[in-house]
Amino acid sequence: MTQPSTTVPPPTSPSSDIPNTAPSSGSTAGRLAKGQIGTFDLVFFVVAAAAPLTVLAGVAPFAIGIGGPGTPLGYLVSGALLVLFAAGFTAMSRYVRNAGAFYAYVARGLGRTLGVATAYLATLSYNLVAPGVAAGFGYFASTTLSDLTGAELPWWPLSTLCVLGTGVLGWLRVTLSAKVLGVALVLEVLVLLVMDIGVLAGRGTDALDLTSFDPSVLASSGGMAGMFVLVIGAFTGFEATAIYAEEARDPKRTVPRATFVAIGFLALFYAVGVWILMGSFGTDESVAMARSSDGPQLTFHAADQFVGPWLADSMHVLIVVSAFAATLAFHNAAARYLYALGREGLLPRRLGRVSARQGSPVTAVVVQTVFGLVIVVGGALIGADPYSEIFLWTNSTGVLGIMIMQALAALAVCFFFRRDRCGMSVWRVAVAPLIAFVGLAVLSVLATLHFDLLTGRTGAVNAALLVPLPVVLVAGIVVALRIRRTDPGRYAQLTEVDVERD
């Protein structure tokens, strides 16, 4: 395993089919467009993928029902854990810049064999989340149209339009996606802030119950483990900052800044938003409402009562926008993993093709779009429910896979810097990532044990949804060992692309 060095090593000789030169303004075939994305573009990708309106309107009531009064603190604790992860993650981002972020990190820290296994896990996870969120888009769009206009339209044509729309945007320059996500994010945040202001204006300090941030209240909750499973999933997608490192301007500064800004914003926005939401009807009453059959409407009821029906209606519309933005963000991430694996030869090499005009991973975009259409149309043909089955099931498997990769990446940071910290503190490259690894590993185990909270199912369904994760991990190990045995030179080149050292 190659260790980081404070000097620039002589260039290695790449294999004949793995490029090792930097892209130039998007025109070089096989390479992504360089210098296209700034700090706030990255933040938009990350926060839009997290879909704050969908979280606070669609997921937070479930978390409140399970975690009780301490739920706002749960969001802060989760954010703190991910800040520890980001400390090491961004330190390593200075030396490993690869569109297959997680697997490249694991390969450089824990060895290429485990890195390849992580590559397959990443590809599965992100490619499941994107069409699942598209199914959620169809569900929200269909119900919103029905509520506002009375028109009845099936969910699947709307989801199909969502998949095709994200495919077109994914084909075009990545900066256009950033602009679309930026507009969507501003609208989401604005409507939630209006609700918060309305609640505070109506209830004043009565809406601010400080017991929600009492650690003993959180610890005494019988559903704390299940609550953390839901809460940690609300941050999924923040690691996309490293996925876009090849396309970022000045990635040594852009990636760390965007990562910390995104995590900090999400942690505070979620915690304060859930805190005020619970205070809208009083903490105890809100928890009781969240646990009732009307729980999913808690956020909309608060908007209606404290601001007016127009805000609740606006939220119903914007949750559709939120779902589209999240689909676009995950589509772009999934396409870049397909591209990275194609470039490495771990998947068909045609996936590593880049549009000379747009600088986008064109073949990977098409494949991800087709996969999304298969999930959406296939789900419609078998009569699957778009939300409780397609959305929840694909995202449950995908989010758990991403959590496992986060844990592995945190451990990889420790090993990558174990001999040479490159002038960085022990805290940043050893202690913080080790704490993050332990926390994420525990949360991954809890998510597996409480998988029914994510899927709403038990027994064979959950087993079928969990099995793909170890299967792809084993498949990746087998592929890596075969490459090492049959082509040692190629094995040695894996993940060498875009590895840089100061």
Side-chain angles (χ1 to χ4, degrees), residues 47 50-79 140 144 185-214 217-218 221 223-224 226-235 264-323 326 453:
V47 180
L53 179 57
T54 302
V55 168
L56 287 173
V59 179
F62 293 102
I64 292 169
I66 296 171
T71 303
L73 182 57
Y75 283 96
L76 288 182
V77 171
S78 297
F140 291 129
T144 299
L185 177 59
V186 168
L187 292 174
E188 289 183 59
V189 170
L190 182 61
V191 75
L192 288 167
L193 288 177
V194 170
M195 184 191 74
D196 290 346
I197 293 171
V199 172
L200 292 175
R203 286 183 53 81
T205 57
D206 290 339
L208 305 177
D209 185 355
L210 293 177
T211 60
S212 291
F213 296 99
D214 184 345
V217 172
L218 178 63
S221 172
M224 182 177 67
M227 180 269 294
F228 270 112
V229 171
L230 293 174
V231 168
I232 199 71
F235 292 84
F265 172 81
L266 288 173
L268 291 174
F269 192 76
Y270 288 153
V272 172
V274 171
W275 184 36
I276 295 176
L277 175 62
M278 292 174 63
S280 61
F281 300 104
T283 300
D284 293 338
E285 179 64 22
S286 294
V287 171
M289 291 174 64
R291 291 172 177 171
S292 70
S293 59
D294 202 31
Q297 298 300 314
L298 177 61
T299 305
F300 298 105
H301 287 329
D304 190 345
Q305 178 166 328
F306 290 97
V307 180
W310 69 267
L311 184 63
D313 291 342
S314 298
M315 281 187 170
H316 279 103
V317 172
L318 287 175
I319 202 170
V320 178
V321 177
S322 176
L453 293 175

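Count residues from 1 along the sequence. No hydrogens, no waters, no symmetry mates; every other heavy atom, side chains included, goes into these values. Predicted model, so just to flag it, every value in this text is computed and none were measured.
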Does [X] use its side chain to pair, donor to acceptor, with the backbone of [Y] at less than 3.5 Å?
| X | Y | answer |
| --- | --- | --- |
| Arg203 | Phe281 | no |
| Tyr75 | Val231 | no |
| Thr283 | Pro69 | no |
| Ser314 | Trp310 | yes |
| Thr144 | Phe140 | yes |

Original post:
Could you give the distance from CG (Asp304) to CE (Met315), rounded to the nearest 0.5 Å?
Top reply: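 That separation rounds to 10.5 Å.
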Subject >> Value rounded to 0.5 Å, distance of CG in Leu311 from NE2 in His316 >> reply: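 Answer for the CG-NE2 pair, Leu311 versus His316, is 11.0 Å.
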Minimum heavy-atom distance between [X] and [Y], given as atom pair plus value:
| X | Y | answer |
| --- | --- | --- |
| Thr299 | Pro61 | OG1-CG, 4.1 Å |
| Gly70 | Val217 | N-CG1, 3.9 Å |
| Ser280 | Ser286 | OG-OG, 4.3 Å |
| Ala63 | Thr71 | O-OG1, 3.5 Å |
| Ile319 | Thr54 | CG1-OG1, 3.8 Å |
| Leu298 | Met289 | CD1-CE, 3.7 Å |

**OP:** For the residue pair Leu208 and Leu200, establish whether any side-chain heavy-atom pair is separated by less than 4.5 Å.
**Re:**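 A side-chain contact under 4.5 Å exists here.
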**OP:** Taking the side chain as every heavy atom from C-beta outward, state whether Met278 and Val287 have any atom pair closer than 4.5 Å.
**Re:**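 Contact flag for Met278/Val287 side chains = yes.
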Subject >> More than 12 heavy atoms of other groups within 6.0 Å of Asp284 CG >> reply: no
**OP:** Among Leu192, Asp196, Leu56, find the one that has a side chain to side chain contact (heavy atoms under 4.5 Å, CB included) with Ile276.
**Re:**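 One option only clears the test, and that one is Asp196.
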**OP:** Could you check Leu76 against Leu268 for side chain to side chain contact (heavy atoms under 4.5 Å, CB included), going step by step and ending with a plain yes or no?
**Re:** CA-CA 7 Å; Leu76 288 182; Leu268 291 174; 4.2 Å; yes
Subject >> Check against side chain to side chain contact (heavy atoms under 4.5 Å, CB included), Val55 and Phe235 >> reply: CA-CA 9 Å; Val55 168; Phe235 292 84; over 6 Å; no
Original post:
Where do Glu188 and Val321 land on the side chain to side chain contact (heavy atoms under 4.5 Å, CB included) test, with the steps shown first?
Top reply: CA-CA 8 Å; Glu188 289 183 59; Val321 177; 5.7 Å; no
**OP:** Could you walk me through whether Val194 and Val307 pass side chain to side chain contact (heavy atoms under 4.5 Å, CB included), step by step?
**Re:** CA-CA 8 Å; Val194 170; Val307 180; 4.1 Å; yes
Original post:
Which of these passes ring pair (Phe, Tyr, Trp, His ring centres under 6.0 Å) with Trp275: Phe213, Phe269, Tyr270?
Top reply: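 Only one of Phe213, Phe269, Tyr270 forms a ring pair (Phe, Tyr, Trp, His ring centres under 6.0 Å) with Trp275, namely Phe213.
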